[in-house]
Amino acid sequence: QVQLVESGGGLVQAGGSLRLSCAASGRTFSSYAMGWFRQAPGKEREFVAAISWSGGRTYYADSVKGRFTISRDDAKNTVSLQMNSLKPEDTAVYYCATGRTASRVEYEYDYWGQGTQVTVSS
């Protein structure tokens, strides 16, 4: 059974940084793409970042480009999201997901974590 467990969320002031991690188990991690999505209160879930199975391709939402960095460590079966220069509008529950394609769309991912809360105070 595939499991994804996010960690690293918390409360941070605007301008600060957080690093989210997602630990995967249950299938060959290195064969699959990974993505991060987020959902703010009252809004639909949205794409944040994705990384291909090889790590050679990364994609970002325009709203986080230049501030967030996605990376993967296949030896540890983890994907990370380094978030810098955080803004109050980054406040959301952040979810990691795994699928065959590094994609901006949710239906390309077949397994999801439970999410971790990120709150950015102004």
Shortest non-hydrogen pair, S71 vs R19, comes out as OG-NH2, 3.7 Å
Atom CD of Q114: over 12 foreign heavy atoms under 6.0 Å: no
Point to revise | Lys/Arg-Asp/Glu bridge criterion (N-O < 4.0 Å) met for D90, K87 | key: no
Sub-3.5 Å donor-acceptor pair from the side chain of E6 to the main-chain atoms of G115, do we have one?
yes
- Message: Taking V2's backbone N and O only, do any of them form a donor-acceptor pair with R27's side chain (distance below 3.5 Å, no angle check)?
- Response: no
Open item on the list: Keeping T91 on the side-chain end and T119 on the backbone end, is there a donor-acceptor pair under 3.5 Å?
Closed with: no
Scanning both residues in full, the closest heavy-atom pair of G56 with S52 reads N-OG, 3.3 Å
Shortest non-hydrogen pair, M34 vs C22, comes out as CE-SG, 4.3 Å
Problem - Side-chain (R38) to main-chain (V118) donor-acceptor, under 3.5 angstrom - result: no
Practice task
Identify whether NZ of Lys or CZ of Arg in R104 sits under 6.0 Å from the centre of the six-membered ring of Y59 and within 45° of that ring's axis.
Solution key: no
Between F29 and A24 the two heavy atoms that sit nearest each other are CD1-CB, 3.5 Å
Exercise. Short question: side chain of T69, backbone of L81 - any donor-acceptor pair under 3.5 Å?
Worked result: no
- Query: So, does Y95 use its side chain to make a donor-acceptor pair with the main chain of R45 at under 3.5 Å?
  - Reply: no
Exercise. Verify, without hydrogens or angle tests, whether T101 (side chain) and S103 (backbone) share a donor-acceptor contact under 3.5 angstrom.
Key: no
Can you tell me if D73 and T78 form a side-chain donor-acceptor pair at under 3.5 Å? no
F37 and F47 aromatic ring geometry - parallel, tilted or perpendicular at 30°/60° bounds: perpendicular
Quick one: does any side-chain atom of R67 pair with a main-chain N or O of S63 as donor and acceptor, under 3.5 Å?
yes
